[in-house]
Number of protein chains: 2
Amino acid sequence: MPKLGAEPIRRAALVKATIEMVGDGGSLDVTVAQIARRAGMSSALAHHYFGSKEQIFLAAMRAILSIYAAEVRGALVVAEGHAGRLRAIVHASFAPGSFRREAIGAWLNFYVLAQTAPEARRLLAVYQRRLHSNLMHDLKPIVGARAGGVARGLGALIDGVYIRAALQPGATDRRAAAALVLAYLDRELEGA
Amino acid sequence: MPKLGAEPIRRAALVKATIEMVGDGGSLDVTVAQIARRAGMSSALAHHYFGSKEQIFLAAMRAILSIYAAEVRGALVVAEGHAGRLRAIVHASFAPGSFRREAIGAWLNFYVLAQTAPEARRLLAVYQRRLHSNLMHDLKPIVGARAGGVARGLGALIDGVYIRAALQPGATDRRAAAALVLAYLDRELEGA
DNA sequence: GTTTTTGTTGATTGACGAGTCAATAAACTT
DNA sequence: AAGTTTATTGACTCGTCAATCAACAAAAAC
């Protein structure tokens with residue numbers, strides 16, 4: 001059966017399966033065997049490619065974060081003006097690629113992982129810093145000294161909407177979620 | 001050693017230890033033995049009083065929610081006017097009783113628990129509904145039709161601030177957190 | 001065509017942890 | 001004083017799961 005060049009395919013399959021299982025199951029208590037089974041291989045193979053369960057989780061987290069980062073980059077290139085760029089960042093947070101049931105569920109669980117696994121914490125910190133600096137870049141010219149507070153508010157609000165979405169499976173409307181955050185943004189930009 | 005009437009003391013000690021361990025450790029992966037040890041008893045006794053680990057967690061969650069509920073009630077009796085009551089609700093969310101490191105950490109983890117344990121989900125739903133209806137009660141007279149959106153925004157923002165606080169141990173200022181949410185509220189109430 | 005590299009798994013190990021149980025002891029009841 | 005209820009634990013069971021290993025298979029390299 002050994003088709004050569006299997007490694008990247010296997011890794012990707014495991015990452016995908018991990019996100020699905022963690023997101024759907026709503027818990028980090030998934031066994032390597034379950035993940036491997038879903039990805040169509042033995043648990044031994046999963047260990048072979050990733051070395052440990054933690055590495056599998058971290059890879060899944062990296063995947064989610066990089067999808068999100070790509071979404072933001074993509075949205076920013078076509079956006080115009082400071083306000084437009086800020087809206088683009090918000091929109092990216094609720095783009096179909098990131099705002100799916102499993103991804104949201106996985107996200108919440110990775111938050112928890114970040115409390116114990118230093119590497120997960122680091123990844124999350126990178127994401128948060130990048131989001132913050134992206135926001136600041138376009139907020140400062142518009143709202144000046146208030147930029148810091150607004151950026152923190154936006155970040156917290158996005159996370160809050162996410163966490164709530166994770167708990168209302170199905171009842172979560174992407175557009176409504178985005179609209180809520182955009183309303184906050186517009187209000188803060190009023191008269192600027 | 002058997003002092004009679006130990007049950008309530010033991011239960012309380014276990015609940016306290018659970019919140020501390022889950023909050024500090026940042027994970028639901030604490031063993032009953034660890035919790036019991038911290039509470040100064042054997043794991044067998046913990047099982048004797050609670051029956052299962054899940055019941056211990058649920059009791060801890062109930063304790064956190066009831067502290068919060070009491071905080072809100074207390075704040076509401078002295079508040080005056082719709083806007084004052086809304087501010088009181090926000091303040092209660094960041095009162096020293098609830099906004100402590102372990103409590104915040106535990107909170108985040110109970111969110112995760114709610115994804116898998118139906119009873120935990122129910123408790124959380126009760127809290128969210130109560131918060132929402134409290135907010136609506138005083139928002140409707142001021143902002144009318146916009147009340148629903150504002151209430152959802154406030155709820156999400158509070159949760160978001162909490163989740164971020166859970167990840168920045170130490171770096172979390174209670175007042176700053178409250179101020180952020182209050183700023184949002186004030187902005188929504190502007191001109192009303 | 002043999003050796004090496006890559007892919008793959010079943011079986012096993014070793015640890016850990018939830019929940020049970022039997023036994024012990026102090027206090028309360030009668 | 002005998003019996004009952006409450007408190008308490010050490011030792012044990014039983015299951016689960018991450019990680020390892022030995023072995024097998026196919027492709028590549030030599």
Side-chain angles (χ1 to χ4, degrees), chain A residues 1-22 24-61 106 109-110 112-113 116-120, chain B residues 1-22 24-61 106 109-110 112-113 116-120:
Chain A
M1 294 174 183
K3 299 162 194 172
L4 280 226
E7 175 152 3
I9 289 112
R10 294 301 201 185
R11 290 185 99 100
L14 283 168
V15 163
K16 181 163 173 262
T18 303
I19 294 172
E20 287 170 2
M21 298 225 71
V22 172
D24 276 343
S27 156
L28 291 174
D29 285 341
V30 258
T31 71
V32 173
Q34 286 173 319
I35 294 171
R37 187 141 161 267
R38 175 142 192 166
M41 73 196 80
S42 73
S43 70
L45 195 54
H47 275 104
H48 174 63
Y49 283 126
F50 279 99
S52 76
K53 188 180 181 175
E54 182 167 0
Q55 289 303 316
I56 299 179
F57 279 154
L58 290 175
M61 196 168 161
N109 282 283
F110 288 141
V112 167
L113 184 64
T116 44
E119 180 66 11
Chain B
M1 296 165 186
K3 302 163 193 172
L4 281 222
E7 175 154 2
I9 289 112
R10 294 302 201 183
R11 290 185 98 101
L14 283 168
V15 163
K16 182 163 172 260
T18 303
I19 294 172
E20 287 169 3
M21 297 225 71
V22 171
D24 276 343
S27 157
L28 292 173
D29 285 341
V30 259
T31 71
V32 173
Q34 286 173 320
I35 294 170
R37 187 140 159 268
R38 174 140 191 169
M41 73 196 79
S42 73
S43 70
L45 196 54
H47 275 104
H48 175 64
Y49 283 127
F50 279 100
S52 76
K53 187 179 180 176
E54 182 167 0
Q55 289 303 316
I56 299 179
F57 279 155
L58 289 176
M61 198 168 160
N109 282 282
F110 288 141
V112 167
L113 184 64
T116 43
E119 181 64 11

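A, B, ... follow the sequence lines: proteins, then strands. Residue 1 opens every chain. Because the structure is a prediction, the values reported are computed rather than measured.
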Figure out the [atom1]/[atom2] separation between [X] and [N], and round it to whole Å.
| X | N | atom1 | atom2 | value |
| --- | --- | --- | --- | --- |
| B:His48 | C:dT20 | NE2 | P | 12 Å |
| B:Leu14 | D:dT8 | CG | P | 11 Å |
| A:Leu45 | C:dT9 | CG | C1' | 8 Å |
| A:Arg11 | C:dT8 | CZ | P | 13 Å |
| B:Arg10 | D:dT6 | CZ | C1' | 12 Å |
| A:Leu28 | D:dT16 | CG | P | 20 Å |
| A:His47 | C:dT8 | NE2 | P | 17 Å |
| B:Glu7 | C:dA27 | CD | C1' | 16 Å |

Task: From C:dT9, C:dA18, D:dT8, nucleotide with atom closest to A:Ala44 side chain - done: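 Nearest to the side-chain atoms of A:Ala44, counting from C-beta on, is C:dT9.
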Open item on the list: Taking the minimum atom-to-atom distance to the side chain of A:Lys53, which one of C:dT9, C:dG7, D:dA19 wins?
Closed with: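 Out of C:dT9, C:dG7, D:dA19, the nucleotide with an atom closest to A:Lys53's side chain is D:dA19.
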Open item on the list: Tell me whether the side-chain N/O atoms of B:Tyr49 come closer than 4.0 Å to OP1 or OP2 in D:dT6.
Closed with: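 No.
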Task: Note, A:Leu14 side chain near A:Leu45 side chain (heavy atom, < 4.5 Å) - done: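 SC-SC contact between A:Leu14 and A:Leu45 ruled out.
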- [ ] Could you tell me whether the side chain of A:Phe50 reaches within less than 4.5 Å of the side chain of A:Val15, counting heavy atoms only?
- [x]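 Yes. Closest side-chain heavy atoms under 4.5 Å.
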TODO: Search all heavy atoms of A:Glu54 against all heavy atoms of A:Ala117 and return the closest pair with its distance.
DONE: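 Minimum heavy-atom separation between A:Glu54 and A:Ala117: OE2-CB, 3.5 Å.
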Just call it for [X]: base, sugar-phosphate, or nothing, with non-hydrogen atoms closer than 4.0 Å on any strand.
| X | value |
| --- | --- |
| B:Phe50 | nothing |
| A:Thr31 | sugar-phosphate |
| B:Ser43 | nothing |

Open item on the list: How long is the straight-line distance from CE of B:Met21 back to CZ of B:Arg38, given to the nearest 0.5 Å?
Closed with: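 Rounded to the nearest 0.5 Å, the CZ-CE separation comes to 5.5 Å.
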TODO: Test B:Phe57 against B:Met61 for side chain to side chain contact (heavy atoms under 4.5 Å, CB included), laying out the working first.
DONE: CA-CA 6 Å; B:Phe57 279 155; B:Met61 198 168 160; over 6 Å; no
